[in-house]
Peer 1: 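Take a look at the following structure, please.
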Amino acid sequence: GRPWPPQPRQPQLPIAVPQQFSPPQEVYASFPESTEAAAAPSAPLVPSACQLRLAKVAVFKPIAVLAGPGECGAVDAVLLERVILPDQAKVTIAPPATLRCAMAEEVALWLREDVAPAALKLGAPLRGLDNFDSYECRGRNRVHGATLSEHGRANALDVRALRLANGEGVGLTDV
């Protein structure tokens with residue numbers, strides 16, 4: 001399988017969430033991907049290379065920029081609604097998860113390549129994922145003032161349970 005969680009391409013130092021959040025960043029001026037959109041706000045958004053790949057295996061809505069307080073936020077984010085399995089069956093993400101596109105792509109591949117085949121061994125096909133938490137600007141473990149959680153960068157998905165076609169729910173701590 002694939003490494004979990006997906007590793008960032010460049011190492012990042014931990015960032016502390018300030019005690020008092022700063023105002024939202026100016027549409028992430030430091031990210032080159034956002035400068036084109038900021039320069040031409042009336043122009044239609046062009047799907048990223050990631051979104052083009054993701055469209056082959058998932059149903060989602062693009063989110064150009066998540067601008068949160070302090071260091072929270074992301075570019076090229078999506079609202080992941082469903083993952084399309086190799087047999088064209090769909091796995092519903094409930095509620096839909098707000099993730100960076102690259103993270104959504106890894107979640108889709110994980111569900112397609114690892115979870116769906118494993119679910120069949122439990123007696124029914126995979127049909128849903130209960131999303132406990134995705135993008136949320138907060139410190140790790142919800143500790144105020146702690147190092148920024150990956151949830152604040154749209155790099156995390158907390159799974160409550162998996163849903164099978166027979167209606168059975170499978171918690172990740174179930175034997």
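Everything numeric here is computed off the predicted structure, so don't read it as measured data. The first residue of the sequence shown is numbered 1, and numbering continues consecutively from there.
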Peer 1: If I take atom CZ from residue R140 and atom CD from residue E150, how far apart are they, to the nearest 0.5 angstrom?
Peer 2: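 So the CZ of R140 and the CD of E150 are separated by 7.0 Å.
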
Peer 1: Backbone N or O of S134 within a donor-acceptor pair of the H151 side chain at under 3.5 Å?
Peer 2: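 Indeed, once roles are kept as given, a pair shorter than 3.5 Å links the two residues.
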
Peer 1: Taking all atoms of both residues into account, what is the closest heavy-atom pair of P47 and Q51, and its distance?
Peer 2: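 For P47 and Q51, the tightest heavy-atom pair comes out as CA-OE1, 3.5 Å.
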
Peer 1: Between CG of L148 and SG of C137, what distance do you get to the nearest 0.5 Å?
Peer 2: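 L148 atom CG to C137 atom SG measures 6.0 Å (nearest 0.5 Å).
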
Peer 1: Quick one: CG on L172 to CG on L162, what's the gap to the nearest 0.5 Å?
Peer 2: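 CG of L162 is found 5.5 Å from CG of L172.
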
Peer 1: To the nearest 0.5 Å, what is the distance between CD1 on I63 and OG1 on T98?
Peer 2: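 If I round to the nearest 0.5 Å, the distance is 4.5 Å.
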
Peer 1: Check the pair D133, R138 against side-chain contact (heavy atoms from CB on, under 4.5 Å), reporting the backbone distance first and the verdict last.
Peer 2: CA-CA 11 Å; D133 196 16; R138 62 176 171 86; 3.2 Å; yes

Peer 1: Kindly work out whether a path of hydrophobic side-chain contacts (I/L/V/M/F/W/Y, heavy atoms less than 4.5 Å apart) joins I93 to V159.
Peer 2: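 Yes: a chain of side-chain contacts under 4.5 Å links I93 to V159.
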
Peer 1: Under a 3.5 Å distance rule, please check whether R153 uses its side chain to pair with a backbone N or O of A74 as donor and acceptor.
Peer 2: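 Here the side-chain-to-backbone pair does not exist.
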
Peer 1: Could you report the tightest heavy-atom contact between A102 and C50, atom names first, then the distance?
Peer 2: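 That closest heavy-atom pairing would be N-SG, 3.5 Å.
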
Peer 1: Give a yes or no on whether I84 and L126 share a hydrophobic cluster (residues Ile, Leu, Val, Met, Phe, Trp, Tyr; joining criterion: side-chain heavy atoms under 4.5 Å apart).
Peer 2: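 No, I84 does not connect to L126 through the hydrophobic network.
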
Peer 1: Minimum heavy-atom separation for A108 and L54, please, with both atom names.
Peer 2: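 That closest heavy-atom pairing would be CB-CD1, 4.3 Å.
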
Peer 1: Could you tell me the separation between the CG atom of L66 and the CG atom of D76, rounded to the nearest 0.5 Å?
Peer 2: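 These two atoms lie 10.0 Å from each other.
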
Peer 1: What closest approach, in Å, do N131 and P95 show between heavy atoms, and which atom pair accounts for it?
Peer 2: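 Reported closest heavy-atom pair: ND2-O, 3.1 Å.
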
Peer 1: Can you tell me how far CE of M103 sits from CG of L80, rounded to the nearest 0.5 angstrom?
Peer 2: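 Going from CG on L80 over to CE on M103, the span is 10.0 Å.
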
Peer 1: I'd like to know whether CG of D87 has more than 12 heavy-atom contacts from other residues, nucleotides or ligands below 6.0 angstrom.
Peer 2: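 Counting other residues, nucleotides and ligands, CG of D87 exceeds 12 neighbours.
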
Peer 1: Write down the atom of G68, the atom of Y135, and the distance for their closest heavy-atom approach.
Peer 2: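 Where G68 meets Y135 most closely, the heavy atoms are CA-OH, 3.7 Å.
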
Peer 1: Would T92 and R82 satisfy side-chain contact (heavy atoms from CB on, under 4.5 Å), going step by step from the backbone distance to the final call?
Peer 2: CA-CA 4 Å; T92 301; R82 286 181 292 287; 3.9 Å; yes

Peer 1: Picking from L111, V115, L129, what satisfies side-chain contact (heavy atoms from CB on, under 4.5 Å) with V83?
Peer 2: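 Filter result, single survivor: L111.
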
Peer 1: Determine whether R127 and L85 satisfy the following criterion, side-chain contact (heavy atoms from CB on, under 4.5 Å), listing intermediate values before the conclusion.
Peer 2: CA-CA 9 Å; R127 290 297 177 262; L85 298 179; 4.0 Å; yes

Peer 1: What heavy-atom pair brings A119 and L164 nearest, and what distance separates the two atoms?
Peer 2: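 That would be CB-CD2, 3.7 Å.
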
